[in-house]
Amino acid sequence: MDVREDIVAAIAEALRRSGLEADGVDIAVERPREAAHGDLSTPVAMSLAKKLKQNPLAIAERIAAAVDLPRDLVAAVEAVRPGFVNFRLALPVLQRTVPAILASGDRYGRSDAGKGRTIQVEYVSANPTGPLVIVSARAASVGSCILNLLDASGYGTHAEYYVNDYGKQIEALGESLRFRAKERFGQAAGESIEQYQYPGSYLTTIAGEADEETARKWLEHTVASAELGRYASNQLLASIRRDMQDFGARFDDYFLESTLHPRAVQAAFDRLVAGGHTYQQDGAVFFRSTAFGDDKDRVIRKADGEPTYFLADIAYHADKLARGYDRAVGLLGPDHHGHVPRMQAAMAALGAAPDWLEIIMVGWVRLMEGGNPVSMSKRAGEFIAMRELIDDVGVDVAKYFFLMRRANSPLDFDLTLARKQSDENPVYYVQYAHARIASVIRFAEERGEAAAAGKSDPSQLVAPEERALMLHLLHFPVTVSGAAEAREPHRVTTYAQELATAFHQFYHACRIVGEDPALSAARLDLARATKVVLKNALDLLGVTAPSSM
RNA sequence: GACCCCGUAGCUCAGUCGGAUAGAGCAACAGCCUUCUAAGCUGUGGGUCGGAGGUUCGAAUCCUCCCGGGGUCGCCA
C-alpha cells in the first residue's frame with residue numbers, strides 16, 4: 001500500500017543481496033528538498049560507509065544496482081554524490097492515489113499505527129478562578145489537534161480537563177466574591193479590591209447576577225469563604241465549559257481536584273511513604289524526588305499537616321495511571337516547566353514506565369497590534385480573555401494561528417494580521433483553495449460536464465503540475481502519522497499550505513473543465529481528491545473548510 | 001546564582017534524533033484576469049543560521065565556552 005514501505009523493503013533486500021548487511025542501520029527514506037533529487041531518497045549508504053569503511057558513493061551505486069522494484073512503482077533509481085540513493089516514483093503509482101483518495105474519502109490519512117493503544121490527553125486545565133485567557137486558547141487548539149491526530153492514527157484517546165477547585169485559592173476567590181457582594185449593597189466602605197487576590201470584574205458580574213436573598217447572606221461571615229469560593233468557581237467552570245465547547249475543544253471529562261480530597265490524596269501519600277520515598281524534616285514530609293532526577297526534594301505534606309498542591313497532583317496522576325492508559329500526555333503552561341521533573345519523579349516512584357507521562361510545554365502568547373505588544377489593562381487582574389480574542393478574530397483564525405507554530409515556542413499573535421480578511425492572512429490561503437475547488441465542481445455540474453467521481457482515467461494526468469499535486473496527496477498519510485507520533489500539529493498546517501500551493505499552481509497551469517472530456521474528467525477527479533485531503537487536513541486542525549468565500 | 005527554553009531573510013516563523021545549493025508566509029519591487037473564485041499565479045531583491053572553538057566524509061542541527069532575550073527556582077496553587 002505505502003510506497004515508502006515498499007522502497008524500504010526493497011533497500012533492505014538489496015543490502016542483503018549485496019552483502020552489505022549491517023545490524024542496526026536505520027533505513028531512512030525521506031523527501032528531498034530539491035525536486036531534482038527525486039521524490040524519495042535514502043542516505044543509508046553514507047551511514048553504512050562509516051561502519052564498513054568504504055566509499056559511500058560506491059555503496060550507493062551497489063544499492064542502486066541491486067534494488068529491485070516494479071516499474072509501475074519506481075521509474076528511476078539513481079546513486080548520486082556524496083552517496084544518496086534517489087528514487088523517482090513512476091506516474092502510475094501517483095495516478096492511482098486519485099481514485100484511492102476518492103474511494104477512502106474522510107478515511108484517507110487515517111491509519112492503525114496506534115494499534116488501539118490508549119493515550120490520555122490532559123489539556124488547558126486552567127484554574128476556575130477567572131475567565132480563560134489567551135494561552136488557554138492556544139492550549140485548547142494544540143490539545144484538540146493532538147487528540148484528532150491520535151484518533152486518526154488509531155489510538156484510543158481520552159480527553160480531560162483537570163479542575164483545581166480546592167484549597168486556599170478557592171477560599172481567596174470566595175473572599176473576593178464577598179467583597180463584590182458588599183459593593184453591590186453599598187457596604188464596602190473603607191475597603192478596596194486591592195486587598196483581595198482576585199480583583200477581576202467578573203466577580204462583580206457574578207455577585208450582581210446572584211439573586212438578592214442569596215447575595216445578602218454572603219455578607220454574613222456565617223457563610224464560609226470556601227463555600228462562596230465553590231459557588232464562584234462553579235459559575236466560572238460553567239463559562240469555561242461553554243468557551244471550550246464553542247471553541248470545538250473536546251473534553252470527555254472535567255476531573256475535579258476536590259474529589260481527590262481527602263481519601264485519594266491520603267492514599268497517594270501512603271504509597272510514597274510505604275515505598276520509602278519520603279522523609280520528615282522541620283515537621284514537614286518531603287518526597288525524595290532527587291532520587292529520580294529532580295534537583296530538589298519536594299514537600300508533599302506541610303508542617304501544618306495539610307497536603308500540598310503537588311501531592312494532590314500526584315494523586316491525580318496516580319488515578320490516571322490506575323485507569324490503565326498506555327500513556328498520558330499533559331499540556332502545561334510555560335510557567336510550569338519546573339514541574340516536569342518532579343512529576344516525572346513521582347510517576348517513577350509510583351512504578352509508571354519511564355515514558356508513560358509525556359509533558360508538552362505550551363509557549364507564551366504575546367498579542368501584537370500594529371507591531372506593538374498589546375498592553376494589559378492597567379486595572380489589576382484584567383487579562384485579555386479568550387472570549388475577547390474569539391469574538392475579535394473568530395475561531396478558525398485563532399486556531400490556525402496557534403497551530404502554525406511549534407507548541408513550545410513563544411508566539412507573537414498578530415491581531416492586525418489575524419483580523420484581515422485578505423490574502424495577507426494565511427488561514428484564507430488554505431480555505432480559499434478548498435472553496436475554489438468547490439466552485440469549480442459546481443461550475444462543471446452546472447454545465448452538465450461533471451462525471452461521477454472516481455470514474456475517470458487517471459493516466460490522463462501527466463503534466464508537471466499534476467504530478468507535483470499528486471505527489472503531495474500521496475504524502476498526506478505519512479504526514480498525519482508523523483505529526484501524531486511527534487505530537488506536532490504544526491506539521492499539518494505546513495502540509496496544508498504546501499498542498500494549497502500545489503493546487504493553485506495546478507489550477508493556473510491546467511484548465512480543468514475544458515474541451516477534452518476524458519482529460520476534464522481526470523482533472524476534475526484530481527481536484528476532488530485534493531478537496532478531500534484539504535478537508536481532512538482542516539478537520540484535523542479543527543478549522544472549517546468553506547465551500548465558498 | 002542554579003536550572004529550563006529561545007536566538008535562522010526587514011517582520012513572524014519552518015527546517016533541529018547530523019545529509020545535497022538553508023525554506024515559507026508577510027512586507028518591497030515588476031508582471032499576469034474577454035473562459036472554471038486574482039483571498040490566486042509568475043518573477044526579482046533580501047542570510048557570516050547570535051558569536052568563537054570543537055567533533056567528521058558532512059553541522060542551522062551534536063559538544064564546550066561566551067553574548068543577548070524570556071522563564072522557573074514557595075511548607076502558593
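Order of the sequence lines fixes the chain letters, A, B, ..., with proteins taken first and strands second; residue numbering starts at 1 for each chain.
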Only counting residues at least two apart or in another chain, list the ones meeting ring-ring contact (aromatic ring centres under 6.0 Å, His included) with [X].
X: Y309(A); answer: none
X: F310(A); answer: none
X: H339(A); answer: H336(A)
X: Y166(A); answer: H261(A)

For RNA chain B, the dot-bracket pattern of Watson-Crick and G-U pairs whose distances stay under 3.5 Å, | for other-strand partners: (((((((..((((.....[...)))).(((((.......))))).....(((((..]....))))))))))))....
Base-contact (B) and sugar-phosphate-only (S) positions in nucleotides 22-33 of chain B, heavy-atom cut-off under 4.0 Å, - elsewhere: ----SS------
Base-contact (B) and sugar-phosphate-only (S) positions in nucleotides 67-77 of chain B, heavy-atom cut-off under 4.0 Å, - elsewhere: ----BSSSBSB
Residue pairs, two or more places apart or on separate chains, that pass salt bridge (Lys or Arg N to Asp or Glu O under 4.0 Å) and touch residues 392-401 of chain A: D392(A)-R419(A)
Pairwise salt bridge (Lys or Arg N to Asp or Glu O under 4.0 Å) hits with a residue in residues 489-502 of chain A, at least two apart: E488(A)-R491(A)
All salt bridge (charged side-chain N to carboxylate O under 4.0 Å, His left out) counterparts of R81(A), not counting sequence neighbours: none
Sequence-distant partners of R298(A), salt bridge (charged side-chain N to carboxylate O under 4.0 Å, His left out), two or more places apart: D294(A)
Contact residues, residues 513-527 of chain A to RNA chain B [heavy atom, < 4.0 Å]: V513(A)
